[in-house]
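Each remark here refers to the structure printed beneath this line.
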Amino acid sequence: MSVRVVARIRPLLDKELDKDIIVKPDSAESGKPYTIVKIPNPKNEAEDFSFAFNSVYDQSTSQETLFTSEVAPHVKSLFQGYDVTIFAYGVTGTGKTHTMRGGLKLAERGVIPRLLSSVFRRGKKIMKDTEGNTTVRVALSYYEIYNDKVFDLLEPPEKRTPSGLPLRAEASGKTVVAGLSERACEDLKDFEKLYIEANNNRVTAATKLNAHSSRSHAILRVKLTQTTGDAVRESTASAIDLAGSEDNRRTDNGKERLIESAAINKSLFVLSQCIEAISRGDKRIPYRESKMTRILSLGQNNGITIMILNLAPMKSYHLDTLSSLNVSSRAKRI
Ligand code: ADP
Ligand code: MG
């Protein structure tokens, strides 16, 4: 079981070019790759706080570089039967969706389409190399967790029940989402059609619930099944665009928002506790304490977890950025 916690600092957008940059990458030793994020102490701006990561990606990092460095190496492990879980964590507006989904242009594609593309390519190669003795199948599920309720994104919003889908404990001890749909996917075209449709479900449904997508966790599950004769090997890649980590109570104290904030804060807190426990090598990981970590069985197998902390560089995000740096486990202040 392994975990990597990395940070990605986004560039200023065109409309932000007049803003102060206060979040900066740094190296432990000059000439070495970035592993540190520096940010001023808001109470004494002459002083910097430093946070350590496994790796830090600066504003010039392309989608391809991030994927090649952090995700591509684990595709092989996925085919060997290990589960791979990738989170994008951070304040709303810092680049979580950009990192996971990305843009439509080839170069702008995020982790998710690149992962799928890589899985399809490898799957086809295995089938060719084994002359069809091994079959590789890919099936997708896509759901969101909003206010601690699970909603299927592969189903139209009209089919949602207010209470969401129930969880069920299986004999193996695993928790599954009862009634979650699963669609077979043959290639990237198939995937993209499904993914665009499902993301539209997210937006439509969210508007009806009078909420914004930044208040829910979106979880894509890629189930890989490799069959050779009687032998079946199953593994799962999960890619999660998390709800915004900002403290919503500070900006809006309506009742709805308070309920949302409580649910978001709790699940992000449990998630960070799990990541911390895994990185310490603890036996006991508090994954049962939130719905998301329970469904993901976080840290319950010998899988690989990658947490990408997205950061905006500007001063206007100062306090939220500092709190997300503080929370993201391994990113301990040093
Ligand atoms: P979040 O999902 O965390 O709320 P978004 O992914 O929507 O944030 O990003 C906010 C804005 O910043 C979007 O316009 C997005 O295109 C842009 N952006 C984020 N990261 C980058 C990046 N690395 N390079 C260029 N633009 C980015
Ligand atoms: Mg987003």
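Each ligand, and each atom within it, is numbered from 1 in the order the structure gives. Just so it is clear, the structure is predicted and the values come from calculations on it, not from any experiment.
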Min N/O separation P11 to ligand 1 under 3.5 Å: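 It does not: no N or O of P11 is found under 3.5 Å from an N or O of ligand 1.
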Taking distance alone, with N or O pairs closer than 3.5 Å, would you say G95 contacts ligand 1?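 Yes, since at least one N or O of G95 sits under 3.5 Å from an N or O of ligand 1.
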Which residue and atom name correspond to the protein heavy atom nearest atom 7 (O) of ligand 1, and how close is it?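 Here the nearest protein heavy atom works out to T97 CB, 4.3 Å.
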Closest approach of any protein heavy atom to atom 11 (C) of ligand 1, naming residue and atom: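 Of every protein heavy atom, L13 CD1, 3.8 Å lies nearest to atom 11 (C) of ligand 1.
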[X] neighbourhood, listing ligand 1 atoms whose heavy-atom distance to it stays under 4.0 Å:
X   : answer
G93 : 1 (P), 3 (O), 4 (O), 8 (O), 10 (C)
T92 : 4 (O)
R10 : 12 (O), 18 (N), 19 (C), 20 (N), 21 (C)
V91 : 3 (O)

Separation of [Y] [atom2] from [X] [atom1] (nearest 0.5 Å):
X    : Y    : atom1 : atom2 : value
I219 : S141 : CD1   : OG    : 11.0 Å
N41  : L322 : CG    : CG    : 7.5 Å
I308 : Y89  : CD1   : OH    : 14.5 Å

Sub-4.0 Å protein heavy atom near atom 17 (C) of ligand 1: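 So far as the 4.0 Å threshold goes, atom 17 (C) of ligand 1 is in reach of a protein heavy atom.
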For the residue pair [Y] / [X], report whether a side-chain donor-acceptor contact shorter than 3.5 Å exists.
X    : Y    : value
T85  : S238 : no
T228 : N133 : no
T61  : R8   : no

For the pair F49 and F51, name the ring-plane relationship: parallel under 30°, tilted 30 to 60°, perpendicular over 60°.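 Ring orientation, 0 to 90° scale: perpendicular.
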Quick check on R8 - does any of its heavy atoms sit under 4.0 Å from an atom of ligand 1?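 Yes, R8 has a heavy atom closer than 4.0 Å to ligand 1.
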Regarding atom 21 (C) of ligand 1: of the candidates H98, Q59, K96, which has the closest heavy atom?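 Going through H98, Q59, K96 one by one, H98 has the nearest heavy atom to atom 21 (C) of ligand 1.
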Checking the side chain of S279 only, and the main-chain atoms of I275 only, is there a donor and an acceptor separated by less than 3.5 Å?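 A pair under 3.5 Å: yes.
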Within the stated cut-off of 2.8 Å, is an N/O/S atom of T92 closer than that to the Mg ion (ligand 2)?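 No, outside the cut-off.
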